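Chain letters run A, B, ... following the sequence lines, proteins first, then strands; residues in each count from 1. Values in this document were obtained by computation on a predicted structure and should not be read as measured data.
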There are 2 protein chains.
Amino acid sequence: MATIYEVSELAGVSLATVSRVMNKNAKVSEKTRDKVLAAMKELDYKPNTIARSLASNRSDSVGILVSELRGLFYSQIMSGIEEVLRASEKHVIIAAGHSKETEEIDGIEFLISRRCDALILHVESVSDDYLIELSKGPVPFVLINRHIPEISARCVSLDNEQGGYLSAKALLESGHRDIAYISGPLWKMDANERFKGHQRALAEFGAHYDETLFFEGDYAETSGEEGLSQLLNQNKKFTGLVCANDYMASGAMSKAREHQLDLPADLSIVGFDNIIFASHLYPKLSTVNYPLDQMAKATANWVLKTVYNQKIEKVQNLFQPEFIERDSVVPVQRR
Amino acid sequence: MATIYEVSELAGVSLATVSRVMNKNAKVSEKTRDKVLAAMKELDYKPNTIARSLASNRSDSVGILVSELRGLFYSQIMSGIEEVLRASEKHVIIAAGHSKETEEIDGIEFLISRRCDALILHVESVSDDYLIELSKGPVPFVLINRHIPEISARCVSLDNEQGGYLSAKALLESGHRDIAYISGPLWKMDANERFKGHQRALAEFGAHYDETLFFEGDYAETSGEEGLSQLLNQNKKFTGLVCANDYMASGAMSKAREHQLDLPADLSIVGFDNIIFASHLYPKLSTVNYPLDQMAKATANWVLKTVYNQKIEKVQNLFQPEFIERDSVVPVQRR
DNA sequence: CAGAAACTTCGTAAATGGTTGCCATAAATT
DNA sequence: AATTTATGGCAACCATTTACGAAGTTTCTG
């Protein structure tokens, strides 16, 4: 592969000059520039990004750490970020943390050792303290979907508590009082907050929270199925079900039909996240919108602004959920 | 950030020795190793991957180019690859090509300039010739979901024609003869081949192919909706519908219900890809399985074998689709 | 048991492919 | 002719790897 040295030789100029025409900062006469450009073309020269990073201590790439690479949720984060970063000619290096502390730390260290200019992290297992400590280090980062008061300027998050509140409220306003809940893993902040919001809504409407109508899932569809089975097997009556995400809601819907329930008449269901498939389920799933795409873009803008000094208006830190009404909730049926 | 130099100083050894203990290849006495390790720990030393790549001309990272970062299809590719590569301590750099030639070339060049040890490409717009030319260059790559005879050893692909055949056959065997088709963009190889397989099945069963019962979509759900609307508006009878992927099938199902069709009695539908949501649609979507996860892993194994010289049994190149029977196809109804 | 041979273990120094501050030169301006 | 100014070159530097060779240590041989 051709090097800058060969280019300079062919063009009859010095190394520095070639470098200058690549990084348009310094002035180079038009004639010289043309010679250099021609030489580059002739040699099919591709600058060695690695060498460039080493010398300039800049990599023009930002590291992203997500829990999983698979699934609609994370792919939305990645694609939102990539879109805005790419437009500014920054690139993206991705690692997966698999929601485990060691792997998350591993991933972060890898990204740092790769000399990313900044990191965008979706981490769930690493402690607040670790992140606060990390924030004192040399590598800037933003958090997505997590809020830590001490470093709140670096956090882009959703008001999950309010989201939990809204989803329960939708059911309550339709007259439901016996409401089951399929939760995400409670050690995850978002699951925890959603559940808190749920309880707040119940309290506000004077509905009793029945702790036997609770199932802690893991956010995967299968745990929605499992959760509904268990809830049903108790032979306790409930007319409404809130699931802490759409995946589980979808699993629960499948399972409900296996149990010969007529949806939505026999059971009103609400989800959370508003993934694209929510509107293609039958009945179309009412859910809480998670403006993940905007949030992902916000983190990317944070990086552009903070790290690359682009002039960008203020980056929004806290986003609000919104209830999306579709067909899966109906007024409670009199019997 | 601490450098290898500081470590060598603190440990009282030379640079080379420190390097040796990191890359366990050369021999170092235990005493020396311990001193070095202790120094590293004390300084919280993290090797600079960038400098390492430059010097060793190896980056331990492989570049992935997919069309989109978003969606179940691509996230499955990425996650399959990452899983096997990560297990061998290789890392992953991702770029998106957005199905456009310039962006795909751009992405490839970026990954090369980043000195990836190998590339795994899901490209749709770039020409065969470009890829054949690229294969003569210094950077090894595999193609996923594309077959080019001249470089078939570097291709991991699905027999899409056979898949198209299977999906039509399922409908035909249930007695359907009036079958509509919602295609992917025909300039994409896979869409093209699926459609060919479809026609082969029709011919084999002596069913007439009616070209007015054809709609060319773009693989997104919305084009499934649009497609079904148009097909329906023609007031031509059809009892079966094959969609070239599950996303479009899902869109078509939503739209069918808007038109008051009773699924599956009024219309039998089959999809393609077997994305995870296919089994959560109602009725559960019969579809053709695309063993994408295995294929993604196969490409990663190709890299491990070819580039990193790991001993791996033969990597499978051509994968076979398989029909997955669920609830969306029923025997044609007599009227 | 001395001395040679053969290993081990470790240090020196030259890459790797760029960036960039500083200085020199040539051209342009007054 | 003197002073600016626009260009371009030199060389140091970025943090590693690695070929080569120099000690030091062990084993072998007569």
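Residue Ser56(A) has its side chain nearest to dT20(C) when only dT16(D), dG8(D), dT20(C) are considered. The side chain of Ser29(B) lies closest to dC10(C) when the candidates are dC10(C), dG17(C), dT7(D). Side-chain proximity of Asn23(B) to the nucleotides dA15(D), dT17(D), dG9(D) is greatest for dT17(D). Comparing dG18(C), dT17(D), dT18(D) by their nearest atom to the side chain of Ile4(B) picks out dT17(D).
When the C1' atom of dG18(C) is taken as reference, atom CD1 of Ile50(A) falls 11 Å away, rounded to whole Å. Between Arg115(A) atom CZ and dG17(C) atom P the separation is 20 Å, expressed in whole Å. Rounded to whole Å, the distance from CD1 on Ile112(A) to P on dA15(D) is 16 Å. The distance between atom CZ of Arg33(B) and atom P of dT8(C), rounded to the nearest whole Å, is 15 Å. Regarding Leu15(A), its CG atom lies at a distance of 14 Å from the P atom of dA12(D), rounded to whole Å. Rounding to whole angstrom units, OH of residue Tyr5(B) and P of dA13(C) are separated by 13 Å. Rounded to whole Å, the distance from CZ on Arg52(B) to C1' on dA15(C) is 17 Å. In this structure, Arg58(B) places its CZ atom 15 Å from P of dG17(C), rounding to the nearest Å.
Thr17(B) has a side-chain polar atom (N or O) that falls below the 4.0 Å cut-off from OP1 or OP2 of dG11(C).
Within the nucleic acid shown, Val18(A) has no heavy atom closer than 4.0 Å to any nucleic acid atom. Using a 4.0 Å heavy-atom cutoff across all strands shown, Asn57(A) reaches no nucleic acid atom at all. Counting non-hydrogen atoms under 4.0 angstrom, Ser19(B) reaches a base of the nucleic acid.
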(message) What verdict does the ring pair (Phe, Tyr, Trp, His ring centres under 6.0 Å) test give for Phe73(A) and Tyr219(A), after you've listed the backbone C-alpha separation in whole Å, the side-chain angles of each residue and the deciding distance to 0.1 Å?
(response) CA-CA 11 Å; Phe73(A) 189 85; Tyr219(A) 276 152; 8.0 Å; no
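The existence of a salt bridge linking Arg70(B) and Asp293(A) is confirmed by a sub-4.0 Å separation between a basic side-chain nitrogen and an acidic carboxylate oxygen. Electrostatic pairing of Glu133(A) and Lys136(A) counts as a salt bridge here, judged by a charged N lying under 4.0 Å from a carboxylate O.
Residue-environment remark: CE (Met22(B)) exceeds the threshold of 12 foreign heavy atoms within 6.0 Å.
Mapping Glu30(B) and Asn48(A) onto DNA chain C by nearest heavy atom places Glu30(B) at the nucleotide closer to the 5' end. The residue among Lys27(B) and Ala55(B) whose nearest nucleotide of DNA chain C lies closer to the 5′ end is Lys27(B). Each of Leu54(B) and Thr32(A) was assigned the nucleotide of DNA chain D with the nearest heavy atom; the assignment lying further toward the 5' end belongs to Thr32(A).
Residue-to-nucleotide contacts include a donor-acceptor pair under 3.5 Å from the side chain of Arg20(A) to the base of dG9(D).
Between His91(A) and Ile93(B) the shortest side-chain heavy-atom distance does not fall below 4.5 Å.
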